[in-house]
Amino acid sequence: MTNTLTDQLTRDLADRAATLLRGLGAEPPEDGELTARTPITGGVLATLPADSPESVDAAIGRAAAAFGAWRTVPAPVRAAVVRRLAELLTAHKTELAQLVTLEAGKIGPEAVGEVQEMIDICEFAIGLSRQLYGRTMPSERPGHRLMETWHPLGVVGVVSAFNFPVAVWAWNTAIALVCGDTVVWKPSETTPLTALACHTLLRRAAADVGADPEVHQLIQGGSAVGARLVDDERVALLSATGSVRMGRIVAPRVAARFGRCLLELGGNNGAVVTPSADLELAARAIVFAAAGTAGQRCTTLRRLIVHADVVGPLLDRVAKAYQQLRVGNPLDAGVLVGPLINESAHTSMRAAIERALADGGELICGGEPVPGFSEHAHYVRPAIVRMPAQTAVVREETFAPILYVLTYHDFDHAVALHNAVPQGLSSAIFTGDQREAERFLAADGSDCGIANVNIGTSGAEIGGAFGGEKHTGGGRESGSDSWKAYMRRATNTVNYSTELPLAQGIQFG
Ligand code: NAD
């Protein structure tokens, strides 16, 4: 594409972003030092002001002040804000999804799916608002009641990554708000416009139901802006989604001030394919999990561990499907793989493939840039590399569509290979053998936070707890009882007798 055509397309996309923002109720931002780009052309959509240390402190202060009253609003009443947010998201689904496509490069169906995930978590949170259950335990003392109560925690700092620019915010915010917390959100500096849209919708939802809009604050900028949330004593919980590198910096700092951390970090997700697997189904699942979202999901399938007897037929199917994947502008119908987010992602992908080949890997397909796009955009064909061993590069997360293929003969070896990486987010087994399936899910099977049978590693539903072990950080968010991370637990003993028996039968005096 010529520079003139690229510039024209970028201008069109910038106009479209401004129109979408207005449709979502947000004024297009004023000029500033933060740049919103579109990976579709690599060009600039808008610039906007970044927050200063002072404005971040003020935002945390407003959230802390709002918490004082918000925590006493009954949880089912707090849910009204989330219910209204769900209505607004439903009404503006297409516009918000298009903004996600413009800013993060996701294809239409995946961007719409991400907004649907926001609506789903809102619905979950609304129901949850009547189910923030504590327990009552039998007391060992007569005339006593022993119970626990869950209370709002405080200000929740949410730091999010570029690749799920809206859903991860909604996972945290919908749950935090019904739990009685207030939120300060630091989105990825790569996706500030979608953040502005979400913030506007939430503030509107609060205003529409007569709640205090200050329960939500947005701060924009890079890691220095996020770092102020990390270090601020007023932030009771820091929920941080991003790379292991970020988590390594953030976790000890929050721990040093005895704050709470919920970490959702990188994955290096594997799938085991056994001889009894339905290869047709496995191939379809593998292609979506490995090449979908251009390999830029934390749950993207990066390692395939296949029994030697079926590796040939499976790879034939997967490689054939890879050849047919349409890579291109995510706004075009029929495109299944959009661009990488930026040049650095492309450089990492190239470097990883070179290292894999130097380790004796064989490039089965992909890895090459797709011609016909702006020189500042990064469209690549998803790659498959067959590896002789799980070398260092395979054990790292490269945030791009590279699928490494390893073979095994013995099931125990497959499980050992699967677990022999530092990350522990998502995993899958494809098998028709119930023993193998159960073994993979058992205590000595997959060591990941997510372990699936006969579906891929990506595309989790919101009903379950989401997160992973080891370098993935151990956090759980979204469904199940993840809400407990957003509340504090008090144990209460009530004496309704006229005696004062001490626990453990202690006699005092
Ligand atoms: P990133 O780590 O570069 O940035 C994530 C966020 O952290 C951004 O908002 C960034 O500004 C902020 N940040 C970075 N350093 C910081 C610091 N020192 N203090 C405070 N904030 C800081 O990640 P990315 O490139 O945006 O996203 C890709 C990564 O995120 C991948 O590793 C992917 O696996 C991971 N991810 C994990 C999950 C999950 O749920 N486990 C979900 C999405 C993405």
Side-chain angles (χ1 to χ4, degrees), residues 34 39 50-51 53 56 103-106 114 117 121 157-172 184-192 194-195 218-232 235 238-254 259 261-269 293-302 340-346 348-349 396-401 421-427 448-450 457-460 462 464-479 482:
L34 198 59
D51 270 273
V56 173
E103 215 172 26
K106 284 195 182 184
E114 190 176 343
E117 201 170 333
I121 197 73
V158 177
V159 172
S160 57
F162 81 85
N163 65 321
F164 272 91
V166 294
V168 168
W169 166 73
W171 286 5
N172 280 282
V184 183
W185 180 25
K186 210 299 281 173
S188 167
E189 54 273 48
T190 315
T191 53
T194 48
L218 172 66
I219 54 174
Q220 299 263 32
S223 57
V225 170
R228 293 198 75 82
L229 270 186
V230 172
D231 293 331
D232 197 305
V235 177
L238 185 87
S239 174
T241 300
S243 58
V244 172
R245 181 183 47 75
M246 177 273 285
R248 260 189 216 292
I249 298 170
V250 158
R253 281 164 64 163
V254 177
C261 228
L262 193 169
L263 296 175
E264 296 284 353
L265 309 176
N268 190 357
N269 315 295
T293 331
Q296 299 173 112
R297 284 192 187 219
C298 51
T299 50
T300 289
L301 177 62
R302 307 197 184 281
L340 295 178
I341 190 70
N342 53 29
E343 184 176 3
S344 152
H346 193 178
S348 303
M349 180 171 177
E396 289 168 19
E397 180 197 50
T398 301
F399 213 57
V421 294
Q423 312 82 354
L425 181 54
S426 188
S427 60
C448 290
I450 298 168
T457 52
S458 65
I462 60 96
F466 183 93
E469 303 301 332
K470 303 193 287 186
H471 289 198
T472 304
R476 292 293 185 280
E477 57 191 16
S478 194
S482 308

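This one's a predicted model, so the numbers in the text were calculated from it and none came from an experiment. Counting starts at 1 for both ligands and their atoms, following the listed order.
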Could you identify the single nearest non-hydrogen protein atom to [atom] and state the distance to 0.1 Å?
atom                    : result
atom 12 (C) of ligand 1 : Val159 CG1, 3.6 Å
atom 36 (N) of ligand 1 : Cys298 CB, 3.6 Å
atom 3 (O) of ligand 1  : Arg245 NH2, 3.4 Å
atom 33 (C) of ligand 1 : Phe399 CE1, 3.3 Å
atom 14 (C) of ligand 1 : Met246 CG, 3.4 Å
atom 17 (C) of ligand 1 : Ser223 CB, 3.8 Å
atom 35 (C) of ligand 1 : Gly242 O, 3.2 Å
atom 32 (O) of ligand 1 : Glu397 OE1, 2.7 Å

Exercise for review: Going by heavy-atom distance to atom 1 (P) of ligand 1, choose the closest among Ala345, Ser243, Ser344.
Suggested key: Ser243
By number and element, which atoms of ligand 1 are closer than 4.0 Å to a non-hydrogen atom of [X]?
X      : value
Asn163 : 43 (C), 44 (C)
Ile249 : 18 (N)
Gly226 : 20 (C), 21 (N)

Nearest non-hydrogen partners of [X] and [Y], listed with the distance:
X      : Y      : answer
Pro192 : Gln220 : O-NE2, 3.0 Å
Ile219 : Asp51  : CA-OD2, 3.3 Å
Leu229 : Gly157 : CD1-CA, 4.0 Å
Ile341 : Ala345 : CG2-CB, 4.2 Å
Pro165 : Thr194 : CB-OG1, 3.7 Å
Pro187 : Leu218 : CD-CD1, 3.6 Å

What part of [X], side chain, backbone, both or neither, has a heavy atom within less than 4.0 angstrom of ligand 1?
X      : result
Val250 : side chain
Phe466 : side chain
Arg297 : neither
Leu265 : backbone

Taking atom [atom1] of [X] and atom [atom2] of [Y], what is their separation to the nearest 0.5 Å?
X      : Y      : atom1 : atom2 : answer
Asn268 : Ser427 : CG    : OG    : 12.0 Å
Ser478 : Asn172 : OG    : CG    : 9.5 Å
Thr398 : Met349 : OG1   : CE    : 9.5 Å

Hey, does [Y] have a side-chain heavy atom less than 4.5 Å from the side chain of [X]?
X      : Y      : result
Ser243 : Arg248 : no
Ser482 : Arg476 : yes
Val159 : Val250 : no

If I apply the N/O under 3.5 Å rule, does [X] come out as touching ligand 1?
X      : value
Thr472 : no
Glu189 : yes
Trp171 : no
Thr241 : no
Ser160 : yes

Point to revise | Heavy atom of Pro187, distance to ligand 1 below 4.0 Å | key: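 Yes, Pro187 has a heavy atom closer than 4.0 Å to ligand 1.
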Review point. Phe162 near ligand 1, heavy-atom distance under 4.0 Å?
Key: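 Right, Phe162 reaches ligand 1.
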Check your understanding: What is the ring orientation for Phe399 with Phe162, classed by angle as parallel under 30°, tilted 30 to 60°, or perpendicular over 60°?
Key -> perpendicular
Check your understanding: Between the side chain of Asn342 and the main-chain N/O of Pro39, is any donor-acceptor distance below 3.5 Å?
Key ->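 No, the answer is negative, given that no donor and acceptor are paired below the 3.5 Å cut-off.
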